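Counting convention: from 1, in listed order, for ligands and their atoms alike. Because the structure is a prediction, the values reported are computed rather than measured.
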Amino acid sequence: MTKPAMRVAVTGAAGQIGYALLFRIASGEMLGKDQPVILQLLEIPDEKAQNALKGVMMELDDCAFPLLQSMSAHSDPKEAFKDADVALLVGSRPRGPGMERKDLLTVNAQIFTVQGKALNEAASRDVRVLVVGNPANTNAYIAMKSAPDLKPENFTAMLRLDHNRALSQLAAKLGRPVAEIQKLAVWGNHSPTMYPDYRFATIGGQSVAKIINDDAWNRDVFIPTVGKRGAAIIEARGLSSAASAANAAIDHIRDWVMGTDGKWVTMGVPSDGSYSIPEGIMYGVPVTCEGGKYHRVTGLEIDEFSRERMDLTLKELLEERDGVADLLK
Ligand code: NAI
């Protein structure tokens, strides 16, 4: 018997990540090859953006995806989020010329306040929200705070691209396939301050840290390479990462919905106070997923070096939170 369709809302649907994302959702890569989907696409009211969205939808039509039951274009978030089971918040305002970080936070805070309220009003009570648009953790925090009738655990921020980047750097260092590496963690903010942590990672049952056995490589090569990967891609491609970001969004939602079989992945989730991260802060932590829910990996030992790194990325998140506090009153 055919399953009932799931409603997937995507914002910023005519952008570059949207273009790399929608076709994969419609083909069943995110929710399963037997799961029909309805796409509810949001773009800004601007005529150029709405026209571009129409063009993307024409292409989606032309793929004749058997699982794509229907799709609609919107400029009102309440309509786009109506009964949504999954909401991918990709659209945000990029930093313009001369724009300070504070201005960027403020314009995005406005977007994510409106979208959080719209989710609160219109989405399914079990909606799974993934914020991709930067600053992703703080935008997710704002959306969560603007949606008091939804459970905080419905809101997550995307750290999966950082997780995947770290996995691939480790695989290259070890000369082994990515798929063999388990128990990697990335802590904190999706920004260059994040802390990719392979102290618990294993490969073929052996400790990755013991095999590498090189603290200087960790500190001076691995952590900065993962942290600055986004900038390196802009430098090389002239455009920011889109296909890998879309891929990470697919991985994040697929694992959340379908489970990870005990495998660790990284999600930005509201803190429960563990690891001395203040409650509610949207912070990247290692999780496993089962039964449609994520579960924090608990009880990991935090050494002095890790504490310093985790506090540094936390400091940035606290500053971002304080920077938007007025807007959330
Ligand atoms: P883009 O500029 O190509 O597309 C963004 C789209 O969002 C545009 O079509 C724009 O019209 C739309 N948009 C802007 N405000 C909107 C609103 N209020 N409602 C609906 N749509 C809106 O950008 P791209 O490359 O697709 O990236 C999107 C975001 O994802 C950026 O903020 C980028 O920094 C972020 N990003 C996050 C990553 C992560 O790991 N968390 C990785 C890569 C990018």
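Distance check on atom 23 (O) of ligand 1: every protein heavy atom falls at or beyond the 4.0 Å cut-off. Taking a distance limit of 4.0 Å, we find that atom 2 (O) of ligand 1 is approached by no protein heavy atom.
Looking from atom 21 (N) of ligand 1 to the surrounding protein, the closest heavy atom is Gly12 N, 3.3 Å. If you check which protein heavy atom lies closest to atom 16 (C) of ligand 1, you get Ile44 CG2, 3.4 Å. For atom 34 (O) of ligand 1, the closest non-hydrogen atom on the protein side is Asn134 ND2, 2.8 Å. Counting only heavy atoms of the protein, atom 27 (O) of ligand 1 lies nearest to Ile17 CD1, 3.4 Å. The single protein non-hydrogen atom nearest to atom 8 (C) of ligand 1 is Glu43 OE2, 3.5 Å, given as residue, atom name and distance. Gln115 NE2, 3.4 Å is the protein heavy atom nearest to atom 19 (N) of ligand 1. Remark: minimum distance from atom 32 (O) of ligand 1 to any protein heavy atom is reached at Ser92 OG, 2.6 Å. Nearest protein heavy-atom contact of atom 38 (C) of ligand 1 is His190 NE2, 3.6 Å.
Between Trp217 and Tyr198, the ring planes are tilted. Angles from 30° to 60° get that label.
Neither the backbone nor the side chain of Pro77 comes within contact range of ligand 1; no heavy atom lies under 4.0 Å.
The contact set between ligand 1 and Ser240, taken as ligand atoms under 4.0 Å from a residue heavy atom, comprises 25 (O). Listed by number with element, the atoms of ligand 1 under 4.0 Å from a non-hydrogen atom of Val90 are 28 (C), 29 (C), 30 (O). For ligand 1 and Gly91, the ligand atoms under 4.0 Å from any heavy atom of the residue are 7 (O), 13 (N), 22 (C). Counting the atoms of ligand 1 from 1 in the order shown, those under 4.0 Å from a heavy atom of Ala245 are 42 (C), 43 (C).
You'll find the side chain of Arg309 stays beyond 4.5 Å of the side chain of Trp187, heavy atoms only.
Taking the six-membered ring for Trp and the full ring otherwise, the centers of Tyr141 and Phe112 sit at least 6.0 Å from each other.
Surrounding NZ of Lys173 are more than 12 heavy atoms belonging to other residues, nucleotides or ligands, all under 6.0 Å away.
A salt bridge does not link Glu121 to Lys117: none of the charged side-chain nitrogens sits closer than 4.0 Å to a carboxylate oxygen. Taking a cutoff of 4.0 Å between a charged side-chain nitrogen and a carboxylate oxygen, Arg307 and Asp311 qualify as a salt bridge.
Here atom 41 (N) of ligand 1 lies nearest to Val132 when heavy atoms of Val132, Leu53, Leu130, Asn164 are compared. Taking all heavy atoms of Val114, Leu161, Ile111 into account, the minimum distance to atom 42 (C) of ligand 1 is reached by Leu161.
Checked against a 3.5 angstrom limit, the closest N/O atoms of Val131 and ligand 1 fall outside it. Where the criterion is an N or O separation shorter than 3.5 Å, residue side chain and backbone included, Arg93 fails it with respect to ligand 1.
At distances below 3.5 Å, at least one donor-acceptor pair connects side-chain atoms of Thr313 with backbone N or O atoms of Asn189.
With 3.5 Å as the limit, one finds a donor-acceptor pair spanning the side chains of Asp272 and Ser274. A donor atom on one side chain and an acceptor atom on the other are not found under 3.5 Å apart for Arg7 and Ser70. In this model, no donor atom of one side chain and acceptor atom of the other lie less than 3.5 Å apart for Asn139 and Asn134.
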Would you please test Arg160 and Asp255 for salt bridge (charged side-chain N to carboxylate O under 4.0 Å, His left out) and show each step? CA-CA 11 Å; Arg160 185 58 176 265; Asp255 286 349; 2.8 Å; yes
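Annotation for Asn120 and Pro148: closest pair OD1-N, 3.4 Å, computed over non-hydrogen atoms.
The closest approach between Ser241 and ligand 1 falls below 4.0 Å for a heavy atom of the residue.
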